[in-house]
Engineer: 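Can you keep this structure in mind? I'll have questions shortly.
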Amino acid sequence: MKLLYCGQLWEGSTALQRARAFSRQAGTEVLYLDVTSGVRDPSPSLMERVRWKAGWPADVLSENERLIEMVRRERPDVVFVDNSKVISLSTLRLLVSQGVLPVYYSPDDMVAPHNLKYPFRRTLSNWAIIFTTKPVNVTELEALGAPEVVLVGNSFDADVHRSLIPAERDQSFEAVDAVFIGAFEKRRCRQINALSAAGIRVAVYAASSGMVTTAWRRMLHHDVILKSGVYGRDYRVGLHHGKLALCFLREMNRDVITTRSIEIPATGRPMVAEKTAAHDEHFVDGNEYVGFANCGELIEVVQQLLNDTNRRLQIAEVGRRRCLSSGYSTDHRARELLWRIEHELRAFAAPAINAARSFASGDD
């Protein structure tokens, strides 16, 4: 199978981690289309921001044009689009007319108002498969017209998400009590401030957006250490900055579990996360992670873990082992996705094969 992977494949992105996992699977040739390559100024203009808010994002990276050009040149069997909001209906129709199976993947809440953009909504019925990591999106996308929606689990990348060996550790290693890496939300900020007010040293690695970093800076407790966003190897190092790692879910995405829920234990860090049924399906509370239901519980469990080094180390070890044994890696997820894609590809190719046979035999 020749698969064209289209997405923001900059070094450190989870999209690139997924693309590389596909390339490691036997029988799959992966072509990469990094829509961010060659972009001089990725910061959006005022008009682009207005269009995004209005739900009609501009194709500022020329994703449609570049995708069509590469499809015509390389003739892939499958186009796998990772979380683009601007692929047009005409592009998808062209792909299908060329005998190319169009597949979509997103780790976002695609039906939430801030993500459901008009170009994507118009194409919903034209994707052969839509893969989502959000359970709530399955029935919602089907109700909007998507013919095949498949729920896939979150994942970690074995090359990125692993424990730091002693030679890789610097002065930042476990220099604070707790670390959080992620975007700003008021509820998260309140909980982190409560930890800091209780005397717990917290470091926050903010998203790279200047606006988001400003929100953290404006509302964080004065004792919280605020640092820039980190990706790839720096993300791994950042998770080791704290004696334990915090996993807050994002309200605006209706999260019950998220990518970080898998990445933190896979990196060998003791994870303190919001308690949900999805977290408990993936990890044993109190053994492979520690859950909390409210701010008071968060402070309590963090203090308990800080006072019990052996338990912290045990949770980190057992949590990582669970990630390895339960198939949470990008490679395992890639195999799951490829199985569904290959099944769909056979059904997709059958009409063309039958038509060719009919033509060769002279049937009407």
Side-chain angles (χ1 to χ4, degrees), residues 5 7-9 12-22 24-25 80-83 103-112 115 129-138 140-141 149-162 180-183 185 188 207 231-232 235-236 238-239 245-285 288-289 291 316 318-341:
Y5 203 108
Q8 298 193 19
L9 306 179
S13 69
T14 58
L16 182 58
Q17 292 166 16
R18 289 187 285 271
R20 286 173 172 167
F22 275 114
R24 291 191 289 266
Q25 307 311 308
F80 190 102
V81 174
D82 194 318
N83 209 30
V103 176
Y104 190 89
Y105 174 97
S106 178
D108 291 339
D109 181 353
M110 292 304 297
V111 184
N115 279 324
I129 312 172
I130 296 178
F131 292 108
T132 176
T133 63
K134 307 296 184 187
V136 68
N137 278 176
V138 175
E140 292 175 334
L141 289 169
V149 184
V150 177
L151 181 66
V152 62
N154 291 284
S155 60
F156 73 95
D157 187 278
D159 291 335
V160 176
H161 306 113
R162 59 169 178 79
F180 173 70
I181 301 177
E185 277 194 345
R188 295 173 169 181
Y231 306 93
Y235 175 81
R236 179 170 71 242
L239 285 177
L246 304 170
C247 181
F248 297 114
L249 300 175
R250 199 164 191 188
E251 287 183 307
M252 69 184 301
N253 284 338
R254 299 181 292 175
D255 284 342
V256 292
I257 190 169
T258 188
T259 307
R260 196 165 290 110
S261 306
I262 309 299
E263 293 172 343
I264 290 171
T267 309
R269 308 311 297 152
M271 179 172 72
V272 175
E274 296 182 57
K275 187 172 178 63
T276 65
H279 274 152
D280 288 346
E281 288 171 8
H282 285 74
F283 302 100
V284 177
D285 188 5
E288 298 168 338
Y289 93 106
V318 177
R320 174 165 168 76
R321 199 157 57 229
R322 176 65 183 272
C323 291
L324 297 172
S325 65
S326 294
Y328 300 161
S329 71
T330 52
D331 282 61
H332 189 276
R333 300 303 189 202
R335 287 191 288 273
E336 291 178 353
L337 269 60
L338 284 172
W339 183 87
R340 296 301 296 256
I341 291 170

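Positions are given from 1 along the sequence. Because the structure is predicted, anything quoted here is derived from the model rather than measured.
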Engineer: If you take all heavy atoms of L239 and R269, which pair is closest and at what distance?
Structural biologist: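 For L239 and R269, the tightest heavy-atom pair comes out as O-NE, 3.3 Å.
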Engineer: The criterion is salt bridge (Lys or Arg N to Asp or Glu O under 4.0 Å); which residues satisfy it with E336, sequence neighbours excluded?
Structural biologist: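 Expected list: R333.
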Engineer: Holding to salt bridge (Lys or Arg N to Asp or Glu O under 4.0 Å), I want the full list of residues that pass it with R20, two or more places apart in sequence or in another chain.
Structural biologist: E11
Engineer: Mind checking what makes side-chain contact (heavy atoms from CB on, under 4.5 Å) contact with Q25, not counting sequence neighbours?
Structural biologist: T28, D331, A334, R335, L338
Engineer: Once rounded to the nearest 0.5 Å, what's the spacing between atom CZ of F180 and atom CZ of R188?
Structural biologist: 4.0 Å
Engineer: Would the distance check show the side chain of R236 and the main-chain N or O of V160 forming a donor-acceptor pair, the cut-off being under 3.5 Å?
Structural biologist: yes
Engineer: Which is it for V103 and F131 under the side-chain contact (heavy atoms from CB on, under 4.5 Å) test, yes or no, and what are the steps along the way?
Structural biologist: CA-CA 8 Å; V103 176; F131 292 108; 3.4 Å; yes
Engineer: Which pairs count as ring pair (Phe, Tyr, Trp, His ring centres under 6.0 Å) when at least one residue sits in residues 255-274, sequence neighbours excluded?
Structural biologist: none
Engineer: Is there a donor-acceptor pair under 3.5 Å between the side chain of S329 and the backbone N or O of H332?
Structural biologist: yes
Engineer: I need the D157 CG to I262 CD1 distance, nearest 0.5 Å.
Structural biologist: 13.5 Å
Engineer: Parallel, tilted or perpendicular, judged at 30° and 60°: which one describes the rings of Y328 and F283?
Structural biologist: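 Ring orientation of Y328 relative to F283: perpendicular.
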Engineer: Between CG of L249 and CD of E185, what distance do you get to the nearest 0.5 Å?
Structural biologist: 9.5 Å
Engineer: Is the closest basic N to carboxylate O distance between K134 and D255 below 4.0 Å?
Structural biologist: yes
Engineer: In chain order, what residues pass the side chain to side chain donor-acceptor pair (under 3.5 Å) check against R320, with sequence neighbours excluded?
Structural biologist: none
Engineer: Looking at residues at least two apart in the chain, or sitting in another chain, which of them share a side chain to side chain donor-acceptor pair (under 3.5 Å) with E140?
Structural biologist: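 Result, side chain to side chain donor-acceptor pair (under 3.5 Å) vs E140: N137, R254.
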Engineer: Mind listing the closest non-hydrogen atom pair of S106 and N83 along with its distance?
Structural biologist: OG-OD1, 2.6 Å
Engineer: Between R162 and T267, is any pair of side-chain heavy atoms under 4.5 Å apart?
Structural biologist: no
Engineer: With heavy-atom distances below 4.5 Å as the criterion, would you say the side chains of L141 and V111 are in contact?
Structural biologist: yes
Engineer: Kindly compute the distance separating CZ (F22) from CD1 (I341), expressed to the nearest 0.5 Å.
Structural biologist: 4.5 Å
Engineer: Could you tell me the separation between the CD1 atom of I257 and the NE2 atom of H282, rounded to the nearest 0.5 Å?
Structural biologist: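 One finds 4.0 Å between CD1 of I257 and NE2 of H282.
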Engineer: Check the pair V150, T132 against side-chain contact (heavy atoms from CB on, under 4.5 Å), reporting the backbone distance first and the verdict last.
Structural biologist: CA-CA 6 Å; V150 177; T132 176; over 6 Å; no
Engineer: Taking only residues two or more places apart in sequence or in another chain, which ones pass side chain to side chain donor-acceptor pair (under 3.5 Å) with N115?
Structural biologist: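 With sequence neighbours excluded, N115 shows a side chain to side chain donor-acceptor pair (under 3.5 Å) to no residue whatsoever.
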Engineer: If we only count heavy atoms from C-beta on, is the L151 to T133 side-chain gap below 4.5 Å?
Structural biologist: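 Sidechains of T133 and L151: no contact.
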Engineer: Using every non-hydrogen atom in the two residues, find where A316 and G268 come nearest and quote the distance to one decimal.
Structural biologist: CB-O, 3.3 Å
Engineer: Please give me the minimum heavy-atom distance between R24 and T330, naming the atom from each residue.
Structural biologist: NH2-OG1, 3.7 Å
Engineer: For residues I264 and A245, report the shortest heavy-atom separation together with the two atoms involved.
Structural biologist: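 Heavy atoms only, the tightest pair is CG2-CB, 3.6 Å.
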Engineer: Considering residues at least two apart in sequence or located in another chain, which fulfil the ring pair (Phe, Tyr, Trp, His ring centres under 6.0 Å) criterion with Y104?
Structural biologist: F120, W127
Engineer: E251: which residues meet the side chain to side chain donor-acceptor pair (under 3.5 Å) condition with it, sequence neighbours left out?
Structural biologist: R187
Engineer: Before you tell me yes or no, could you show the steps for D82 and Y5 under side chain to side chain donor-acceptor pair (under 3.5 Å), namely the whole-Å CA-CA distance, both residues' side-chain angles and the distance that decides it to 0.1 Å?
Structural biologist: CA-CA 7 Å; D82 194 318; Y5 203 108; 2.5 Å; yes
Engineer: Measuring only between side-chain heavy atoms, which start at C-beta, is Y289 closer than 4.5 Å to V272?
Structural biologist: no
Engineer: Taking only residues two or more places apart in sequence, or in another chain, which ones meet T14 in a side-chain contact (heavy atoms from CB on, under 4.5 Å)?
Structural biologist: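 T14 satisfies side-chain contact (heavy atoms from CB on, under 4.5 Å) with Q17, R18, E263 only.
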Engineer: Which value, rounded to the nearest 0.5 Å, describes the distance between T259 atom OG1 and N154 atom CG?
Structural biologist: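 If we round to the nearest 0.5 Å, T259:OG1 and N154:CG are 4.0 Å apart.
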Engineer: Looking at residues at least two apart in the chain, or sitting in another chain, which of them share a side-chain contact (heavy atoms from CB on, under 4.5 Å) with S13?
Structural biologist: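 Applying side-chain contact (heavy atoms from CB on, under 4.5 Å) to S13 gives W10, A15, L16.
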Engineer: In chain order, what residues pass the side-chain contact (heavy atoms from CB on, under 4.5 Å) check against A266, with sequence neighbours excluded?
Structural biologist: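 Applying side-chain contact (heavy atoms from CB on, under 4.5 Å) to A266 gives F156, H161, C323.
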Engineer: Check whether any side-chain heavy atom of H279 lies under 4.5 Å from a side-chain heavy atom of D285, and answer yes or no.
Structural biologist: no
